[in-house]
Colleague: 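Got a structure here, written out as structure tokens. Questions coming.
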Amino acid sequence: MTPIEDCREWLRNSSPIAVLTGAGISAESGIPTFRSGSAELPALWSRYRPEDLATPLAFQRDPELVWRWYDWRRGLIARAQPNAGHLALAKWERGCDRFTLITQNVDGLHTAAGSSRVLEIHGSIWTLRCLACAAEWENHATPLPEIPPHCACGSMARPGVVWFGEGLPQGVWREAERAVRACRLLLVVGTSAVVYPAAGLVPMAREAGARIIEVNREETPVSSLVDRVLRGPAGEILPGLLDS
Ligand code: BJW
Ligand code: ZN
């Protein structure tokens, strides 16, 4: 059997299934990834690494700069459509009894594709949170009318995402760990697997005895841990893998 035929059979015969996605699954929707080159980025944002902007310290130093980065990304995402990879996962979920989709992405494209239960372990770019009263609300305005945006209480708001050095939302993270420990098959799609604790879900699944399939254009630190590597764009591989 070819690697893809093996994987198709495992997918058909394994339950529960868990999926971990990263920025690579949204790349074919036109959303830049964090670490795979910056040729497509406007000059302003190509100067920065995620570690320079996605931190509490960066926000403390220059909230306007950080908010401009998020405002630019919100605009790109608002104009983007889910791609064939997102759609294949949503369709697979509908025919699957026990399935958990864990995403590091904050773009909401899995939900837009029709996935009904998505664990957003790094939060959502469409949520705002008040720095003073901790109120949280959804905001889809692009561009934002005011940068930085403010809460009704008058204080500044921040994006409802998880920055470096911050803990992940506890309940969501606990559910992700539970799903990974219980799964018989983990599908890892479009993540560089360098950011923890998300990357630690892969060895966690291994230790729990699950089979693991990686879909990625490039080798990653977890490629050597997995049972099958499917090399290429998720938007091409997932429909072939998941179409029953
Ligand atoms: C394709 C493709 C196509 C392209 N098809 N594939 C243990 C060891 C070492 C360090 C740490 C550790 N534990 C914690 C740390 C520190 C830190 C960390 O991991 N640092 C490392 C970078 C060294 N982690 C944290 O700080 C985390 N917090 C934490 O641990 O807290 C502890 C704590 C506990 C209690 C109290 C307080 C603290 C938080 C991490 C938060 C990460 N946040 C970001 C920003 C989110 C908001 C936003 O979007 O702005 O999350 S950073 C950024 O990286 C974003 C992503 O979700 C995350 C992962 O990136 P991802 O998705 O993998 O994207 P890329 O770009 O890296 O990779 C894309 C991949 O796709 C590539 O492989 C391509 O080949 C592939 N690809 N096109 C298929 N078409
Ligand atoms: Zn407030």
Side-chain angles (χ1 to χ4, degrees), residues 20-38 40-41 45 48-59 66-67 69-74 76-77 83-86 88-89 102-109 119-137 149-170 173 187-203 213-223 229-239 241:
L20 171 66
T21 66
I25 195 166
S26 295
E28 289 155 86
S29 294
I31 314 295
T33 63
F34 293 95
R35 296 173 186 81
S36 28
S38 52
E40 75 277 28
L41 295 182
W45 300 122
Y48 297 96
R49 297 169 309 142
E51 290 82 354
D52 300 326
L53 295 167
T55 76
L57 188 62
F59 188 71
V66 173
W67 261 118
W69 183 52
Y70 280 96
D71 195 41
W72 167 68
R73 290 173 57 205
R74 284 162 56 104
L76 281 184
I77 296 165
N83 65 53
H86 298 108
L89 285 171
I102 304 160
T103 189
Q104 298 169 80
N105 300 345
V106 298
D107 56 30
L109 288 178
L119 299 178
E120 293 181 312
I121 59 176
H122 289 163
S124 166
I125 203 163
W126 304 115
T127 302
L128 269 59
R129 185 161 75 242
C130 177
L131 291 173
C133 73
E136 278 199 354
W137 65 98
H150 285 79
C151 173
C153 81
S155 299
M156 200 194 293
R158 59 162 283 176
V161 300
V162 181
W163 286 329
F164 287 110
E166 295 183 321
L168 275 55
Q170 261 185 29
W173 175 248
L187 183 59
V188 183
V189 185
T191 176
S192 58
V194 296
V195 174
Y196 283 81
L201 292 171
V202 183
I213 303 170
E214 180 181 53
V215 177
N216 199 304
R217 293 189 101 123
E218 290 168 17
E219 191 173 347
T220 74
V222 298
S223 299
V229 175
L230 302 175
R231 233 354 120 241
E236 288 175 23
I237 291 183
L238 291 180
L241 181 64

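Numbering of ligands and ligand atoms starts at 1, following listing order.
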Colleague: Checking contacts now, so for atom 10 (C) of ligand 1, which I'm interested in, is there any protein heavy atom under 4.0 Å?
Modeller: no

Colleague: For the NE2 atom of His86 and the OG atom of Ser26, what is their distance to the nearest 0.5 Å?
Modeller: 3.0 Å

Colleague: To the nearest 0.5 angstrom, please state how far the CG atom of Asp71 sits from the CD1 atom of Ile125.
Modeller: 9.0 Å

Colleague: Under 3.5 Å, is there a donor-acceptor pair between the Ser223 and Glu214 side chains?
Modeller: yes

Colleague: So is there a nitrogen or oxygen of Arg35 less than 3.5 Å from a nitrogen or oxygen in ligand 1?
Modeller: yes

Colleague: So, do Leu187 and Leu241 sit near enough that their side-chain heavy atoms are less than 4.5 Å apart?
Modeller: yes

Colleague: Rounded to the nearest 0.5 Å, what separates atom CG in Leu238 from atom CD in Glu28?
Modeller: 9.0 Å

Colleague: Which of the numbered atoms in ligand 1 are under 4.0 angstrom from any heavy atom belonging to Gly165?
Modeller: 25 (C), 26 (O), 37 (C), 38 (C)

Colleague: Do Asp107 and Arg73 come within less than 4.5 Å of each other through their side chains, counting heavy atoms only?
Modeller: no

Colleague: Given Pro197, Ser29, Ala198, which one has a non-hydrogen atom that is nearest to atom 30 (O) of ligand 1?
Modeller: Pro197

Colleague: Is there a donor-acceptor pair closer than 3.5 Å between any side-chain N or O of Arg129 and the backbone N or O of Ala157?
Modeller: no

Colleague: Among all protein heavy atoms, pick out the one at the shortest distance from atom 58 (C) of ligand 1; state its residue, atom name and that distance to 0.1 Å.
Modeller: Val195 CG2, 3.9 Å

Colleague: Output the list of atoms in ligand 1 that are nearer than 4.0 Å to some heavy atom of Ala23, sorted by atom number.
Modeller: 61 (P), 62 (O), 64 (O)

Colleague: Give the atom numbers and elements of ligand 1 that come within less than 4.0 Å of a heavy atom of Gly190.
Modeller: 6 (N), 69 (C), 70 (C), 71 (O)

Colleague: What part of His122, side chain from CB on, backbone N/CA/C/O, both or neither, has a heavy atom under 4.0 Å from ligand 1?
Modeller: side chain

Colleague: Quick one: does ligand 1 sit under 4.0 Å from the side chain of Val194, the backbone, both or neither, non-hydrogen atoms only?
Modeller: backbone

Colleague: List every atom of ligand 1 that sits less than 4.0 Å from any heavy atom of Val161, numbering the atoms from 1 in the order shown and giving each element.
Modeller: 47 (C)

Colleague: Begin from the C-alpha positions of Phe164 and Val195 and carry the test side chain to side chain contact (heavy atoms under 4.5 Å, CB included) through to its verdict.
Modeller: CA-CA 9 Å; Phe164 287 110; Val195 174; 4.1 Å; yes

Colleague: To check your reading of the model: name the closest protein heavy atom to atom 25 (C) of ligand 1, its residue, and the distance in Å.
Modeller: Tyr196 O, 3.5 Å

Colleague: Where's the contact between Arg73 and ligand 1, heavy-atom distance under 4.0 Å: side chain, backbone, both or neither?
Modeller: side chain

Colleague: Could you list which atoms of ligand 1 come closer than 4.0 Å to a heavy atom of Gly22?
Modeller: 62 (O)

Colleague: Kindly indicate whether the side chain of Thr191, heavy atoms from C-beta on, has any atom under 4.5 Å from the side chain of Thr220.
Modeller: no

Colleague: Against heavy atoms of Pro233, which atoms of ligand 1 measure under 4.0 Å?
Modeller: 3 (C), 5 (N), 80 (N)

Colleague: May I ask you to check if ligand 1 and Trp163 share an N or O to N or O distance below 3.5 Å?
Modeller: no

Colleague: Would you mind checking if Glu166 and Arg158 are paired as a salt bridge, meaning a charged N to carboxylate O distance below 4.0 Å?
Modeller: yes

Colleague: Donor-acceptor pair, distance only, cut-off 3.5 Å: does the side chain of Ser29 make one with the backbone of Ile31?
Modeller: no

Colleague: Look at the aromatic rings of Trp45 and Trp69 and report parallel, tilted or perpendicular, splitting at 30° and 60°.
Modeller: tilted

Colleague: Step through the shown structure and confirm whether more than 12 heavy atoms of other residues, nucleotides or ligands are within 6.0 Å of CD on Glu219.
Modeller: no

Colleague: What is the closest protein heavy atom to atom 43 (N) of ligand 1, and at what distance does it sit?
Modeller: Val162 O, 2.9 Å

Colleague: Scan the protein's non-hydrogen atoms and note whether one is under 4.0 Å from atom 7 (C) of ligand 1.
Modeller: yes

Colleague: In Å, rounded to the nearest 0.5 Å, how long is the span from CZ of Phe59 to CE of Met156?
Modeller: 5.5 Å

Colleague: When rounded to the nearest 0.5 angstrom, what is the spacing between OG1 in Thr21 and CG in Asn105?
Modeller: 4.5 Å

Colleague: Considering non-hydrogen atoms of the protein only, which is the closest contact for atom 63 (O) of ligand 1, and what is the distance?
Modeller: Thr191 OG1, 2.7 Å

Colleague: Identify the closest protein heavy atom to atom 59 (C) of ligand 1: which residue and atom is it, and at what distance?
Modeller: Gln104 OE1, 3.3 Å

Colleague: Could you tell me which atoms of ligand 1, counted from 1 in the order shown, lie closer than 4.0 angstrom to a heavy atom of Glu218?
Modeller: 75 (O)

Colleague: Using the rule given for side chain to side chain contact (heavy atoms under 4.5 Å, CB included), can you reason through Asn216 versus Val229, listing the C-alpha separation, both sets of side-chain angles and the distance that settles it, and then say yes or no?
Modeller: CA-CA 8 Å; Asn216 199 304; Val229 175; over 6 Å; no

Colleague: Is the contact between Val106 and ligand 1 made by the side chain, the backbone, both, or neither, using heavy atoms and a 4.0 Å cut-off?
Modeller: side chain

Colleague: Heavy-atom pairs closer than 4.0 Å: do any link ligand 1 to the side chain of Ser192, the backbone, both, or neither?
Modeller: both

Colleague: For Glu28, take its heavy atoms, then give the atoms of ligand 1 lying under 4.0 Å from any of them.
Modeller: 3 (C), 5 (N), 80 (N)

Colleague: Among all the protein's non-hydrogen atoms, which is closest to atom 3 (C) of ligand 1, and how far away is it?
Modeller: Gly24 O, 3.3 Å

Colleague: Examine Phe34 against ligand 1 and note whether any of their N/O atoms are separated by less than 3.5 Å.
Modeller: yes

Colleague: Show all protein N/O/S atoms under 2.8 Å from the Zn ion (ligand 2), or state that there are none.
Modeller: Cys130 SG, Cys133 SG, Cys151 SG, Cys153 SG

Colleague: Using heavy atoms and a threshold below 4.0 Å, how should the contact between Tyr70 and ligand 1 be classified: side chain, backbone, both, or neither?
Modeller: side chain

Colleague: Between Asn216 and ligand 1, does any nitrogen or oxygen pair lie at a separation below 3.5 Å?
Modeller: yes

Colleague: For ligand 1, is Ala199 a contact, meaning one of its heavy atoms is under 4.0 Å away?
Modeller: no

Colleague: Where the closest heavy atom to atom 78 (N) of ligand 1 is concerned, which of Arg217, Glu236, Arg49, Arg231 has it?
Modeller: Arg217

Colleague: Could you go step by step and tell me if Ile25 and Leu89 meet the side chain to side chain contact (heavy atoms under 4.5 Å, CB included) rule?
Modeller: CA-CA 11 Å; Ile25 195 166; Leu89 285 171; 3.6 Å; yes

Colleague: Calculate, to the nearest 0.5 Å, the distance between atoms CH2 and CZ belonging to Trp67 and Arg74 respectively.
Modeller: 5.5 Å

Colleague: Has ligand 1 got any nitrogen or oxygen that is less than 3.5 angstrom from a nitrogen or oxygen of Phe164?
Modeller: no

Colleague: Closest non-hydrogen protein atom to atom 32 (C) of ligand 1, residue and atom name please, with distance?
Modeller: Glu166 O, 4.3 Å

Colleague: Do Val161 and His122 make a side-chain contact, defined as non-hydrogen atoms from C-beta onward lying under 4.5 Å apart?
Modeller: no

Colleague: Any side-chain to backbone donor/acceptor pair from Asn83 onto Gly85? Under 3.5 Å, distance only.
Modeller: yes

Colleague: Give the C-alpha distance, both sets of side-chain angles, the deciding distance and a yes or no for side chain to side chain contact (heavy atoms under 4.5 Å, CB included) between Leu41 and Tyr48.
Modeller: CA-CA 10 Å; Leu41 295 182; Tyr48 297 96; over 6 Å; no

Colleague: What protein heavy atom lies closest to atom 34 (C) of ligand 1? Include the residue and the distance to one decimal.
Modeller: Gly167 CA, 4.2 Å

